[in-house]
Amino acid sequence: MSAVLEHETAPAPIVREPKNYLNVAWTVRSWLLTVDHKRIGLLYLAGITFFFLLGGAAAGIFRLELMTPQSDLVESETYNKLFTLHGIIMIFFFLVPGIPGVLGNFLIPIMIGARDMAFPKLNLMSWYLFMIGGIFTLYVTVAGGVDTGWTFYTPYSSTYSNTYVMATAVGIFITGFSSILTGLNFIVTVHKMRCPGMTWFRLPLFVWSNYATALIMVLGTPVLAITILLVALERGLKIGIFDPRLGGDPVLFQHLFWFYSHPAVYIMVLPAMGVISELVAAFSRNRVFGYKLVAFASLAIAVLGFLVWGHHMFVSGQSLYAGMVFSVLSMLIAIPSAIKVFNWTLTLWRGEVTFNTPLLYAMGFLGLFTIGGLTGLFLATLGIDVHVHDTYFVVAHFHYVMVGGTVMAYLGGIHYWWPKMTGKMYPEGWARFSAVLVFVGFNLTFFPQFILGYLGMPRRYHVYDEGFQVLNVMSTAGASILGIAYLFPITYLIWSLKYGAKAPANPWNAVGLEWMTSSPPPTENFIETPVVDFEAYEYHRHPAERHG
Amino acid sequence: MSTTATLPSATAKRTPVVAHHFDDWDQQYDACVLGMWTFLVTEVMFFGGAIGVYMIYRWQYPMAFAHASNELDVWLGTFNTFILLTSSLTVALGVRYAHTGESRKVGWMLIGTIFLGAIFLGIKAYEYYTKFHHNIAPLLDLPFDWGGADPGPTKIFFGLYFGMTGIHALHMIIGVVLMAMFIPAAFRNEYRDGNSLGVEVIGLYWHFVDLVWIFLFPLLYLVDRAITAPPAL
Ligand code: HEM
Ligand SMILES: [Cu+2]
């Protein structure tokens, strides 16, 4: 069965070296100064897991507060700081750098047959910038917090809020550069580092979607940077730009902010879509249906994503006609997303499906992302958004796409590539159990929020009408289940590092260059530079035939 | 492709050291140049955001902005444009000499570029000084004496003027520092083999910084200069 791993031109196993990227050196220095993309991926994994837990803790506290209609656990100011911290950490320090930082860094060079990223030192620098930005955020957390919401609307953020807005802004500005450099590195790597025979249309779809993500990072993030800088100039030097008292226009801030932040939601979800393509293909043993369509859908999403920001501002005083145009454009962007969902479904339909943990997560993604995307269409409908804007309906929508979509895919991907990254198998039984628990906990947490929003409960308040209590208690109960369910993988994955079974080079019998090198791979990924003469996802070619 | 093609065939070329993860020098060269171009794209978006804000306010307050822009010294601005364009010439010559392996000349061209850059920054500093002197620098809580109409939008104009030219100047300072780092190597004759990559990449950056000024200059100094008094309605 391992015959499928080997490449035709290299009949002997490509790698039989005991030395791999993990055991070449053990010192702390060898980690902190590494330029190996695989080690940098693991550095990201550590950083991101930490911030995920911190952001989760903030959510845990405010979900407890929301069990009752009155204010009992925390007061208003603290509540505002908690949801702000949660949003900032989860978006800028978990979802945006998450899949590209961990899985993208680890896998892209291997998947294209390269020895490393194009700019390994820049890659390490991205991680340091991410961590420095994170330290600012930690400082803010300890020093007393910030209460503007993750959206930093002016003039509240630039003039009135007397919390740590500047320090937070500096932190996000710095992490933004981490994101820019990652994007730059991905683009150059995919263009220039592909091994012989690895044409654009042989690239795994994971690479395509990360490439599309990198385009957004490179085009969108600088606009966030200049926006933050302008807010800082207004707050620090008192230059009037967004403050109406100084003749400035606060809606202009919203335009600039969403010009980045809507594309940023695709920075968060496109890499997840790439993971899903890999998982669906591997566990249905099937070539992804309509490969090219899925690849181009990623690019279409990257481009269209820049044209819809105004759907966040339907009630911010933008002109009605602008609203109508943005409404139509927002619906267009659902098309490439839907194409992908249909194609994955068709891939499964025609395949021999095995329900391992990664596929369970992928199935979760398919269902939850579809709900999230469809409710996005509700919100993009001008007339409906006037009613549900700034209610829990929006909160539920974006959690379905970001948590139900991205986090599910992230966990699925971590399980799928864990044997490759660490050389150890995770315990399948526990993993399946946790995957189901995550799904149940997630839906119990966020489905009631659709109803709450529809009934009119506004977001960002901790005191609410008594009629909403039952649904809120359900949501908090779900959040408790979800919180525990997330702790399982963290625990058993760490456990597996010591006690897990040793992973073979290709535990899933999957195709793709990453499965043709040892687990874990050697420092420069392959002993010999691979030569590719096969398409992506060649599951239809029988292993025997391939070697015949 | 790339540098090697432009080398005079007579030059005995030593292969530059290729980093471990590249297959050959061409790959490394292409990757670095593409990397710089990609970085410049991010810079376009960065300055594009600021210029966008400026244009929106210009469109919202056309009269106030026209009057405020008359306060800028168009002659100093023109002179600075000339200086900066000349510095683009010197850096381009530097790249050319790096191609042809005339290492010392590369050094002199970089020194010339830095010199011109310094003149630009000096003049810019003088312009800033006059704004502070005339109390039209709306920074911190400095007094802002604006005799004319619309002090609010005028403040925005000067705020954006300081913000945009300040960020541009910062880019120039970074460019000057980076170029200075290449000078010792140039005088150690390290570019004698036509290994122009480093100089070429920094050259791209410098041209871009020039290009930003080519946009800032007309936007801030020239547009609607003819309007000096409110039109009779
Ligand atoms: C099918 C495509 C999508 C459409 C048409 C869509 C539409 C919308 C609309 C109209 C809003 C504004 C609601 C309001 O504030 O009243 C919104 C909010 C939001 N969406 Fe989506 N969306 C889509 C996909 C996504 C995806 C894939 C993500 C993230 C991965 C996402 C994340 C968000 C977030 C974070 C917000 C709330 C921002 C805030 O105000 O804090 N959306 N969406
Ligand atoms: Cu959006």
Side-chain angles (χ1 to χ4, degrees), chain A residues 35-37 109 114-122 177 180-181 183-189 191-193 195-196 214-215 217-227 229-230 232-234 236-249 252-253 255-256 259-260 523-525 529, chain B residues 2 18-24 26-57 59-61 64-65 137-142 144 150-164 166-167 170:
Chain A
V35 288
D36 183 338
H37 66 100
R115 288 192 281 281
D116 207 319
M117 288 286 188
F119 306 116
K121 286 182 195 149
L122 209 61
F177 278 94
I180 289 175
L181 295 181
L184 189 153
N185 225 337
F186 281 10
I187 290 176
V188 177
T189 304
H191 272 276
K192 297 293 174 195
M193 307 297 282
C195 70
L215 291 179
M217 286 172 158
V218 158
L219 292 172
T221 322
V223 179
L224 177 72
I226 189 76
T227 312
L229 203 63
L230 291 174
L233 287 179
E234 175 156 316
L237 295 180
K238 308 236 168 77
I239 294 178
I241 295 172
F242 301 124
D243 186 344
R245 278 184 322 170
L246 302 166
D249 185 351
L252 182 59
F253 169 84
H255 277 290
L256 288 169
F259 183 86
Y260 163 76
T523 298
E524 292 196 333
N525 301 338
T529 305
Chain B
S2 71
V18 177
H20 71 101
H21 57 296
F22 290 114
D23 292 333
D24 52 31
D26 276 355
Q27 190 187 27
Q28 174 161 352
Y29 179 92
D30 288 355
C32 290
V33 172
L34 180 63
M36 185 38 103
W37 276 106
T38 312
F39 177 71
L40 296 182
V41 169
T42 73
E43 290 276 42
V44 169
M45 296 307 290
F46 184 76
F47 280 102
I51 291 175
V53 168
Y54 174 84
M55 300 222 284
I56 283 166
Y57 282 130
W59 168 75
Q60 227 166 46
Y61 308 113
F65 269 48
L139 307 180
L140 301 168
D141 289 322
L142 291 177
F144 186 75
D150 302 326
T154 309
K155 262 187 168 174
I156 295 185
F157 176 87
F158 284 109
L160 287 172
Y161 165 78
F162 275 100
M164 284 161 46
I167 300 168
L170 185 67

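By convention in this document, chain letters (A, B, ...) are assigned in the order of the sequence lines, proteins followed by strands, and residues within each chain are numbered from 1.
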Q | Closest non-hydrogen atom pair between A:Ala225 and B:Phe46, with its separation | A | CB-CE1, 3.8 Å
Q) Non-hydrogen atoms of chain B under 4.5 Å away: do they reach the side chain of A:His255, the backbone, both or neither? A) neither
(Q) When you measure from the side chain of B:Tyr57 to the backbone of A:Asp249, do you find a donor-acceptor pair of N or O atoms at a distance under 3.5 Å? (A) yes
Q) Checking heavy atoms, do the side chain of B:Gln60, its backbone, both or neither come under 4.5 Å from chain A? A) side chain
Q) Of all of B:Val44, B:Val41, B:Thr42, which one pairs up most often with chain A through heavy atoms under 4.5 Å apart? A) B:Thr42
Q) chain B: which of A:Pro222, A:Gly236, A:Gly248 shares the most heavy-atom pairs with it under 4.5 Å? A) A:Pro222
**Q.** Check: B:Ile167 and A:Ile226 side chains under 4.5 Å, non-hydrogen atoms
**A.** yes
Q: Below 4.5 Å from any heavy atom of chain B, which atoms of A:Asn185 appear? Answer side chain, backbone, both or neither.
A: neither
Q. From B:Thr38 OG1 over to A:Leu215 CG, what is the distance, rounded to the nearest 0.5 angstrom?
A. 9.5 Å
Q.
Between A:Leu229 and chain B, with a heavy-atom cut-off of 4.5 Å, which part of the residue counts as in contact: side chain, backbone, both or neither?
A. side chain
Q | Contacts of type side chain to side chain contact (heavy atoms under 4.5 Å, CB included), residue A:Leu233, not counting sequence neighbours | A | A:Leu230, A:Leu237, A:Ile239
Q: Please flag which part of A:Leu219 lies under 4.5 Å from any non-hydrogen atom of chain B: side chain, backbone, both or neither.
A: both
**Q.** Results of side chain to side chain contact (heavy atoms under 4.5 Å, CB included) for A:Thr523 - residues two or more places apart only
**A.** A:Tyr21, A:Val24, A:Asp36
Q. Taking A:Glu524 for the side chain and B:His21 for the main chain, is one N or O donor matched with an acceptor at less than 3.5 Å?
A. no
(Q) Under 4.5 Å from any heavy atom of chain A, what part of B:Tyr61 do you find: side chain, backbone, both or neither? (A) side chain
Q: Measure the shortest side-chain to side-chain distance between B:Met45 and A:Phe259 over non-hydrogen atoms and say whether it is less than 4.5 angstrom.
A: yes
Q.
Please classify the contact between B:Ile56 and chain A as side chain, backbone, both or neither, with a heavy-atom cut-off of under 4.5 Å.
A. side chain
**Q.** Nearest atoms (heavy-atom pairs only) where A:Lys192 meets B:Gln27
**A.** O-NE2, 2.8 Å
Q | Within-4.5 Å side-chain heavy-atom neighbours: B:Phe22 and A:Met193 | A | yes
**Q.** Region of A:Met217 in contact with chain B, defined by heavy-atom distances below 4.5 Å
**A.** neither
